[in-house]
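Everything below concerns the one structure shown next.
Computed from a prediction, not measured in an experiment: that's the story for all the values here. Every number for a ligand or one of its atoms is a count from 1 in the order of the listing.
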Amino acid sequence: MTRYSRITGTGSYLPPRRVTNADLAADLAAKGIETSDEWIIERTGIRARHFAAPDVTSSDLGAHAARAALESAGLKAGEIDLIIVATSTPDMVFPSAACILQNKLGIAGCAAFDVQAVCSGFVYALTVADSMIKTGSANKALVIGAEVFSRILDFNDRTTCVLFGDGAGAVVLEASDTPGILATDLHADGKHVGILCVPGTVSGGAVLGDPFLKMDGQAVFKLAVGVLESAARATLAKAGKTDADIDWLIPHQANIRIMQGTAKKLKMPLDKLIVTVDEHGNTSAASIPLALDAAVRSGKIKKGDTLMLEGVGGGFTWGAVLLDF
Ligand code: ACO
């Protein structure tokens, strides 16, 4: 019998501090930097984002999301045999956020590791978990996207600090006789490292280089729209499906204009696009599972719906996962 993987539970968590565009504009104005609610909404679709308290880490946010996903799957943490955390803002240089999170869930022994593919991290992690389940190396996986991007933002740079937020989303992925995940498609092109990066590193007991996020927004924008369409088409072709088979499109929540451009290219009506960027900002690897969980809990996404998840981000990396929910 063919072995598939299937999402059986979703969960998410946002830190309580909600920061509106007006809040950010006031903070920046105090430093003589101009921005406005109108500029941010018009260019990005973002109205607010959440920022974690200084002592809260990605594994803290991820553990909250994981517990919610376990509850919705009707599983206990001890039944999990694989944990993958997608993050670019781990708690420490090492060990992985996944190991720290495993301990916070009160379990031990199962495989746990991080995947680092920036904003594509969740589709990368889901693809790895799907492969491990299909080959029999795992049966019940927690796949989590968790980020504290506020830690790597330069709050003197209005071109980046208004775009990102903190949060976590999680799914439980289980072995199943029926699909589940229908097809996946992952890519990277390292020649674009410089257009979106945090170039600093830890060396000799200090941070060497710049520890803040740098982005060429227009270069990212142009690349993102093209690769999101090609990844969706490749995934549909692998699964023998067409645009018309997609019930819900859940792209990485970076910018409403990129998301709407992608929906248009896939000939999808905008009411089939799941949008949470307005309230979450760009939470990098957490954005897709946060959006998925919000849409499931609001009753939009129902069992049996066909979902196209799409990630794009630093690396440059991109990819898609087509699945029956
Ligand atoms: N408030 C007010 N003005 C601003 C701000 C701000 N926060 N930021 C930039 N500006 C100014 C610029 O200085 C510039 O002024 P100038 O004309 O006097 O030089 C003007 O606004 C236009 O700047 P652009 O960079 O051309 O603005 P653009 O329309 O390209 O929008 C944005 C910028 C929103 C970053 C856009 O390029 C974008 O969304 N790119 C995609 C990048 C993205 O989503 N990245 C997220 C991470 S990557 C990922 O997750 C895929």
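Shortest contact from atom 44 (O) of ligand 1 to any protein heavy atom: Ala254 CB, 3.6 Å. Among all non-hydrogen protein atoms, the one lying nearest atom 39 (O) of ligand 1 is Asn255 ND2, 2.4 Å. For atom 50 (O) of ligand 1, the closest non-hydrogen atom of the protein is His252 NE2, 2.7 Å. For atom 40 (N) of ligand 1, the nearest protein heavy atom (residue, atom name, distance) is Gly217 O, 2.9 Å. Of the protein's non-hydrogen atoms, Gln218 NE2, 3.7 Å is the one closest to atom 24 (P) of ligand 1. For atom 11 (C) of ligand 1, the closest non-hydrogen atom on the protein side is Arg158 NH2, 3.6 Å. Counting only heavy atoms of the protein, atom 31 (O) of ligand 1 lies nearest to Arg257 NH2, 3.9 Å. For atom 46 (C) of ligand 1, the closest heavy atom belonging to the protein is Asn282 ND2, 3.2 Å.
Between Leu126 and Val171 the shortest side-chain heavy-atom distance falls below 4.5 Å.
For ligand 1 and Val312, the ligand atoms under 4.0 Å from any heavy atom of the residue are 49 (C), 50 (O), 51 (C). In summary, the atoms of ligand 1 found under 4.0 Å from a heavy atom of Leu196, numbered by their order in the structure, are 47 (C), 48 (S). The ligand atoms of ligand 1 that sit less than 4.0 angstrom from a heavy atom of Val162 are 7 (N). Every atom of ligand 1 with a heavy atom of Phe221 under 4.0 Å away is listed here by number and element: 38 (C), 39 (O), 40 (N), 41 (C). Below 4.0 Å from some heavy atom of Cys119 lie the following atoms of ligand 1, by number and element: 49 (C), 50 (O).
Geometrically, Lys303 engages Phe325 in a cation-pi contact, judged by NZ or CZ lying under 6.0 Å from the ring centre and within 45° of the ring axis.
Note that OG1 of Thr57 and CE of Met92 are 8.5 Å apart. Values are rounded to the nearest 0.5 Å. If you take CE on Met308 and CG on Leu322, they are separated by 4.5 Å, rounding to the nearest 0.5 Å.
Residue contacts with ligand 1, taken as heavy atom pairs separated by less than 4.0 Å, involve Thr35 via backbone and side-chain atoms alike. The part of Thr44 lying near ligand 1 is the side chain, judged by heavy-atom distances below 4.0 Å. Under 4.0 Å from ligand 1, not a single heavy atom of Ala224 appears.
Side-chain N/O atoms of Ser58 and Glu147 include no donor and acceptor closer than 3.5 Å. No side-chain N or O of Asn255 forms a donor-acceptor pair with one of Thr44 less than 3.5 Å apart.
Looking at Arg43, Met215, Glu42 and measuring to atom 29 (O) of ligand 1, the nearest heavy atom belongs to Arg43. Comparing Trp39, Phe164, Phe149 by heavy-atom distance to atom 2 (C) of ligand 1, the nearest is Trp39.
For the pair Thr178 and Arg6, the tightest heavy-atom approach, listed with the atom from each and the gap, is OG1-NH1, 3.2 Å. Taking both residues in full, the closest heavy atoms of Gln253 and Ser287 are given as N-OG, 2.9 Å, listed atom of the first, atom of the second, then distance. Of all heavy-atom pairs spanning Ile46 and Ala254, the tightest one is CD1-O, 4.3 Å.
Comment: Arg49 does not engage Glu279 in a salt bridge, judged by the lack of any side-chain N to carboxylate O separation of less than 4.0 angstrom. Ionic pairing of Arg233 and Glu229 is present here: one or more N-O contacts between side-chain nitrogen and carboxylate oxygen are shorter than 4.0 angstrom.
Remark: atom 26 (O) of ligand 1 lies closer than 4.0 Å to at least one protein heavy atom. Distance remark: protein heavy atom present below 4.0 angstrom from atom 48 (S) of ligand 1. Distance remark: protein heavy atom not present below 4.0 angstrom from atom 20 (C) of ligand 1. The presence of a protein heavy atom under 4.0 Å from atom 16 (P) of ligand 1 is ruled out.
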**Message:** Walk me through whether Lys241 and Thr306 qualify under side chain to side chain donor-acceptor pair (under 3.5 Å).
**Reply:** CA-CA 10 Å; Lys241 304 262 184 189; Thr306 300; 5.3 Å; no
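Applying the ring-ring contact (aromatic ring centres under 6.0 Å, His included) test between Phe155 and each of Phe212, Phe164, Phe51 identifies Phe51 as the sole match.
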